[in-house]
Q: 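Submitted below is the structure of interest, expressed as structure tokens.
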Amino acid sequence: MRYLLSAFAASVLCVSVAPAGAGEKWDMPMAYAAGNYHTQNGMRFADAVTRATGGDIEIVVHASGSLFKGGEIYRAVRTGQAPIGERLISALGNEDPLFEVDALPFLATSFEDARRLHEASKPRLEALLASKGLKLLYAVPWPPQGLYNKNAVNSTNDMKGVKFRAYNAATSRLAGLMGAVPTKIEAAELSQAFATGVAESMISSGSTGYDRKIWEHVKYWYDVQAWLPKNMVFINRKVWDGLDARLQGIVLGAAAMAEEAGWAEAERLSNWYKEQLVANGMQVAPPGATLKADFEKIGATMTEEWLARAGAEGKSLIDAYKGR
Ligand code: PCA
């Protein structure tokens, strides 16, 4: 699947007549590690657009929050400081609850369900972004979320007072409901936060634990499979509107390929990441019955709270996803 993007670029290139290097350069800030599959996928997307447009648009990816930090990318693209960028969708939950639907505990816990939730929520996400002067290009999930901790966790009682790294408002709330103490930290700053004791625990995928060599700091990962949050790549609407039909077609084609390739990569790597955690000495296990029941209770509370905030639109989205 990931070779499709290069094949796409090559096939469009054959009919492209534009001279290379004559066009505009787009900086594309991304928040996660250069080697992470989201970033690699973004680089292939960038390369496909650059090649297929014959250089009319050259996209240059900046990984690891090096151009704008994760928390700044959405605003940077909205205000036109960067034409295009990537952000964890659910980190925008304070802007609108609809951004948070893919971080609701136990709503969609497999790749298949996450895909259905994505299809059900895409029109609303597109409309929401349009109202903010942005256009959605593609979205790709993280593997299922599990609990990292220094010590063994049998129930959420064991999480009381633990310094918990959060990546959005939902994970802060989850920490609060467990009696843990949340601190928001971007993935790029994780190793330092764990090394200095600012964070001792977090909920995240095997992917982020692997990227940050989390085994140097924590020993346990519970495969809770709580949700699969997504990253999205989006473009400033004015930049988009300034493209002619040929260039828009190429960007959309490459985006569609990147979405398919990204979902396939996430799923392909999901088990591999778990194996890497084990290979590096971590204890990887499903949550015990008590911990699972505790999480389910917290999940139910968070879903109720979300429905209260998201109103009729939120409810109709959940109903559409559940096929009601
Ligand atoms: N990794 C990202 C978000 C979800 C995930 O699996 C992070 O921890 O920042």
Side-chain angles (χ1 to χ4, degrees), residues 29-42 63-66 68-74 85-94 99-111 114 117-118 139-149 163-175 180 182-194 198-218 221-233 262-263 265-274 276-277 282 284 302:
M30 299 183 81
Y32 298 94
N36 179 272
Y37 69 92
H38 284 284
T39 314
Q40 291 287 312
N41 194 42
S64 295
S66 58
F68 291 98
K69 289 192 192 309
E72 301 167 347
I73 293 173
Y74 173 75
E86 179 202 53
R87 181 62 174 144
L88 178 69
I89 304 176
S90 58
L92 304 169
N94 288 338
F99 283 130
E100 261 179 359
V101 72
D102 67 5
L104 286 178
F106 306 116
L107 180 63
T109 60
S110 64
F111 280 97
L117 181 60
H118 177 47
V140 168
W142 290 93
Q145 305 291 290
L147 179 68
Y148 288 93
N149 198 45
K163 290 182 221 157
F164 190 89
R165 174 265 174 162
Y167 58 67
N168 59 15
T171 49
S172 290
R173 178 67 182 139
L174 180 115
T183 322
K184 267 218 201 126
I185 298 165
E186 286 292 321
E189 271 100 53
L190 264 188
S191 306
Q192 211 200 343
F194 275 90
V198 169
E200 315 171 297
S201 177
M202 67 173 173
I203 193 153
S204 189
S205 58
S207 175
T208 293
Y210 171 81
D211 287 345
R212 296 297 154 200
K213 294 194 169 57
I214 200 78
W215 47 83
E216 292 178 357
H217 313 289
V218 309
W221 189 67
Y222 294 95
D223 193 3
V224 181
Q225 308 195 352
W227 64 87
L228 288 81
K230 296 184 297 291
N231 286 354
M232 63 176 171
V233 169
W263 279 78
E265 272 300 86
E267 192 161 0
R268 184 181 75 81
L269 287 168
S270 185
N271 275 328
W272 183 84
Y273 284 128
K274 287 189 223 175
Q276 300 313 303
L277 300 185
M282 288 186 69
V284 170
M302 289 178 64

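Counting convention: from 1, in listed order, for ligands and their atoms alike.
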Q: Minimum distance, heavy atoms only, to atom 6 (O) of ligand 1: which one of Ser205, Ala31, Pro229, Gly209 is it?
A: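 Comparing heavy atoms across Ser205, Ala31, Pro229, Gly209, the nearest one to atom 6 (O) of ligand 1 lies in Ser205.
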Q: Under a 4.0 Å N-O cut-off, is there an ion pair linking Glu265 with Arg268?
A: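 Yes, this pair counts.
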Q: Give the residue, atom name and distance (to 0.1 Å) of the protein heavy atom nearest atom 9 (O) of ligand 1.
A: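 Here the closest protein heavy atom is Arg165 NH2, 2.8 Å.
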Q: Should you measure from each heavy atom of Ala187, which atoms of ligand 1 turn up under 4.0 Å away?
A: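 Counting atoms of ligand 1 from 1, those under 4.0 Å from Ala187 are 9 (O).
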Q: Anything under 30° is parallel, anything over 60° is perpendicular, the rest tilted; go ahead and classify Trp221 against Tyr148.
A: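 Rings of Trp221 and Tyr148: tilted, 30 to 60°.
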Q: Under the side-chain contact (heavy atoms from CB on, under 4.5 Å) test against Met232, which residue among Leu88, Val140, Leu92, Asp102 passes?
A: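 Of Leu88, Val140, Leu92, Asp102, side-chain contact (heavy atoms from CB on, under 4.5 Å) with Met232 is met by Leu92 alone.
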Q: Is the closest N or O pair between Ser204 and ligand 1 shorter than 3.5 Å?
A: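 In this structure, Ser204 places an N or O atom under 3.5 Å from an N or O of ligand 1.
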Q: Parallel, tilted or perpendicular: which fits the ring planes of Trp215 and Tyr210, with parallel below 30° and perpendicular above 60°?
A: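 Tilted: the ring planes of Trp215 and Tyr210 meet at 30° to 60°.
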Q: Just heavy atoms, cut-off under 4.0 Å: does Gln145 contact ligand 1 by side chain, backbone, both, or neither?
A: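 Contact part for Gln145 vs ligand 1: side chain (C-beta onward).
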Q: Report the relative orientation of the aromatic rings in Trp263 and Phe111; use parallel for angles under 30°, tilted for 30 to 60°, perpendicular for over 60°.
A: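 Rings of Trp263 and Phe111: perpendicular, over 60°.
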Q: Considering only non-hydrogen protein atoms, determine which one is nearest to atom 1 (N) of ligand 1 and report residue, atom name and distance to 0.1 Å.
A: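 Looking only at protein heavy atoms, the one closest to atom 1 (N) of ligand 1 is Thr208 OG1, 2.6 Å.
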